[in-house]
Amino acid sequence: DVPLSVRALDLLVNIKIGACSVLVDKDTSNIVVAVSTGLAMIAFNDTNSNTNILTINKGEEYLFNNNTKLGKIKSL
């Protein structure tokens, strides 16, 4: 497996291993990263310019709003 990085608006998604989907709604600035197998790392700067790095595991999705820089992990 070769890692793949994708920039979705201000969210950086690094697919380490496995498969995931990245959906961007430009109208609402919402981004959904869903990991079906393996894992993905995501990174972004919040509204205070703090760097945030999270791991999204198999069976999880990350919902992120690019305007508010807030997100949450939930199960698929």
Side-chain angles (χ1 to χ4, degrees):
D1 288 303
V2 177
L4 172 69
S5 295
V6 176
R7 181 175 166 204
L9 302 177
D10 294 331
L11 186 70
L12 180 62
V13 181
N14 187 304
I15 304 163
K16 294 288 198 182
I17 56 172
C20 80
S21 64
V22 179
L23 304 173
V24 178
D25 185 334
K26 290 174 74 174
D27 294 331
T28 62
S29 295
N30 288 327
I31 302 165
V32 179
V33 178
V35 179
S36 54
T37 62
L39 64 95
M41 304 286 291
I42 59 165
F44 63 94
N45 289 336
D46 62 22
T47 55
N48 295 318
S49 297
N50 296 314
T51 300
N52 295 267
I53 302 172
L54 302 168
T55 301
I56 312 302
N57 295 301
K58 173 185 174 182
E60 295 179 331
E61 69 180 5
Y62 186 67
L63 311 171
F64 181 77
N65 183 277
N66 200 68
N67 293 333
T68 63
K69 306 297 189 232
L70 296 174
K72 63 181 176 182
I73 298 173
K74 70 176 208 172
S75 296
L76 290 173

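Reckoned from all heavy atoms, side chains included, excluding hydrogens, waters and symmetry mates.
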Shortest non-hydrogen pair, Phe44 vs Leu54, comes out as CE2-CD1, 4.4 Å
Residue pair Ile56 / Ile73, side-chain heavy-atom distance below 4.5 Å: yes
Exercise. With a cut-off of 6.0 Å (strictly less than), are more than 12 heavy atoms of other residues, nucleotides or ligands near NZ of Lys58?
Worked result: no
Between the OG atom in Ser36 and the CD atom in Glu60, the distance rounded to the nearest 0.5 Å is 12.5 Å
- Same cluster for Ile42 and Val24 if Ile/Leu/Val/Met/Phe/Trp/Tyr side chains link at under 4.5 Å? yes
### Query
Does one hydrophobic cluster hold both Tyr62 and Leu70, with members joined at side-chain heavy-atom distances below 4.5 Å?
no
Heavy-atom closest pair (Thr47 atom, Thr68 atom, distance to 0.1 Å) is CG2-O, 3.6 Å
CG (Leu39) and CG (Asn14) are apart, to the nearest 0.5 Å, by 9.0 Å
**Message:** With clusters defined by side-chain heavy atoms of hydrophobic residues (ILVMFWY) lying less than 4.5 Å apart, directly or transitively, does Val13 cluster with Leu9?
**Reply:** yes
- Query: With side chains defined as the heavy atoms from C-beta onward, is the minimum distance between Ile31 and Val22 less than 4.5 Å?
  - Reply: yes
Worksheet item: Would a 4.5 Å heavy-atom cut-off, applied to side chains only, mark Leu4 and Val6 as touching?
Response: yes
Nearest heavy-atom contact between Asp46 and Lys69 is CA-CB, 3.9 Å
Fill in: Short side-chain donor-acceptor distance under 3.5 Å, Asn65 and Ser29
no
Is the shortest side-chain heavy-atom distance between Met41 and Ile53 below 4.5 Å? yes
One should read off an interatomic distance between Leu11 CG and Asn30 CG, to the nearest 0.5 angstrom, of 11.5 Å
Steps toward side chain to side chain contact (heavy atoms under 4.5 Å, CB included) verdict (Glu61, Leu76)
CA-CA 6 Å; Glu61 69 180 5; Leu76 290 173; 3.4 Å; yes
- Task: Could you check if a side-chain atom of Leu23 sits within less than 4.5 angstrom of a side-chain atom of Asp25, using non-hydrogen atoms only?
- Result: no
Check whether Asn66 reaches the backbone of Phe64 with its side chain - one donor and one acceptor, N or O, closer than 3.5 Å. no
